[in-house]
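Note that the coordinates shown come from a computational prediction; the quantities given were computed from them, not determined experimentally. Proteins get letters first, then strands, A, B, ... in listed order; numbering begins at 1 in each.
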Number of protein chains: 2
Amino acid sequence: MLSKRAKYAIKTILYLCRNGNNQAISAKKIAEEENIPYKFLENILRELRQHKILKSVRGPEGGYILISHPKDIKVVEIVRIVDGPIALIPCVSENFYEKCEECTDEQTCQIRKLFDELRNAMLPIFNKSLEELKNL
Amino acid sequence: MLSKRAKYAIKTILYLCRNGNNQAISAKKIAEEENIPYKFLENILRELRQHKILKSVRGPEGGYILISHPKDIKVVEIVRIVDGPIALIPCVSENFYEKCEECTDEQTCQIRKLFDELRNAMLPIFNKSLEELKNL
DNA sequence: ATAATTCCTATCAAAATAGTATGATATATG
DNA sequence: CATATATCATACTATTTTGATAGGAATTAT
């Protein structure tokens, strides 16, 4: 399952997309409009800023602004930042690889092969840009 | 992520496949051979039995036997029994549908559209039979 | 009778998830 | 400069899910 954190993150970025990236939009406003718990959103926004998805402006009239154009932000980036791996088992993850404890031979593991296929099927969907998502 | 429960379940069924479905195989043996905690496995086996994936024989020389031929058992069945929905958000699940709390309009929700596409991309992979999985 | 097994319910511990609290820091504006 | 409005940072808490264990009852081949 996608975490609420990730869902909120995507919603937030979609919201920022819709509102142009000229002026900063405050966490408060995003929280109200998108129905996201304010303090929880703050955490998410900080994480997105630290990963250079958006930048912040402090003080009154401050808020958050997307760094890149929506066409250059992929859904997969957001999900990886917030939720971690796309793959459903860690031994087929590109970005968060981990060996399975009990697995004796990765090369012949049938479960691994299946979930590798699965990951490859999922990736093209996750690779869509926020621009494409907006126009779905 | 796939739960260990689901992974153990698939491994168990693959093990039963390999050993033919003539004679019952005990939980003890499966646990040892496949490195699954015995008591945890018992729970999983019971669930699979209750869902008619396998049948049990009690007493000495007892154990578990697959009910159907591996070609007639789909990975997706096992995952749904053990882990629940395939879809990453509940509002696009066929078998475990739930409305998203905050969503105002499902028809226009872009996140929903994306995860519906995702689910449709995942399904063909999950629909493989255990027989196919064995021969991957 | 015995031992090997499934069957069942309850319980537990650890980890992940979702959210809250508190307060420091920065800054536009009057 | 004072104030109000923001972000920034860390730590905490509550709830749910996951992974596993405990203890014993019921069944049955030998």
**Q** Any N or O donor-acceptor pair under 3.5 Å from the base of D:dA26 to the side chain of B:Arg58?
**A** yes
**Q** Could you see if A:Ile111 belongs to whatever hydrophobic cluster contains B:Val76? Use Ile, Leu, Val, Met, Phe, Trp, Tyr and a side-chain cutoff under 4.5 Å.
**A** yes
**Q** Establish, with yes or no, whether the OP1 or OP2 oxygen of C:dC7 is under 4.0 angstrom from a side-chain nitrogen or oxygen of B:Tyr64.
**A** yes
**Q** Any salt bridge between B:Glu42 and B:Lys39, counting N to O under 4.0 Å?
**A** yes
**Q** Which whole-number value in Å describes the distance from B:Phe40 CZ to D:dG19 P?
**A** 6 Å
**Q** Ignoring hydrogens and angles, answer whether the base of D:dT17 and the side-chain atoms of B:Asp83 contain a donor-acceptor pair closer than 3.5 Å.
**A** no
**Q** Write down the distance between NZ (B:Lys4) and P (D:dT18), rounded to a whole number of angstrom.
**A** 14 Å
**Q** Let's see if you can work this out: which of D:dT5, D:dT7, D:dT21 has an atom nearest to the side-chain heavy atoms of B:Lys39?
**A** D:dT21
**Q** In whole Å, what is the span from the CD1 atom of B:Ile30 to the C1' atom of C:dT5?
**A** 12 Å
**Q** I want to verify a distance call: between D:dA29, C:dG19, D:dA9, whose nearest atom is closest to the B:Pro60 side chain?
**A** D:dA29
**Q** Between C:dT5, D:dT10, C:dA10, which one does the side chain of B:Lys28 approach most closely?
**A** C:dT5
**Q** Among C:dG19, D:dG19, D:dA9, which nucleotide sits nearest the side chain of B:Ser3?
**A** D:dG19
**Q** To the nearest angstrom, how far is B:Arg49 atom CZ from C:dT5 atom C1'?
**A** 13 Å
**Q** Atom CD of B:Glu47 and atom C1' of D:dA20: how far apart are they, to the nearest Å?
**A** 15 Å
**Q** So, B:Lys113 side chain and A:Leu136 main chain: donor-acceptor pair closer than 3.5 Å or not?
**A** yes
**Q** Tell me: CD1 of B:Ile44 to C1' of D:dA20, nearest whole Å?
**A** 10 Å
**Q** So, applying side chain to side chain contact (heavy atoms under 4.5 Å, CB included) with B:Tyr15, which one of B:Ile10, B:Ile30, B:Ile36 is it?
**A** B:Ile30
**Q** I want to confirm an ordering. Mapping B:Tyr38 and B:Arg46 to their closest nucleotides on DNA chain C, which one lands closer to the 5' end?
**A** B:Tyr38
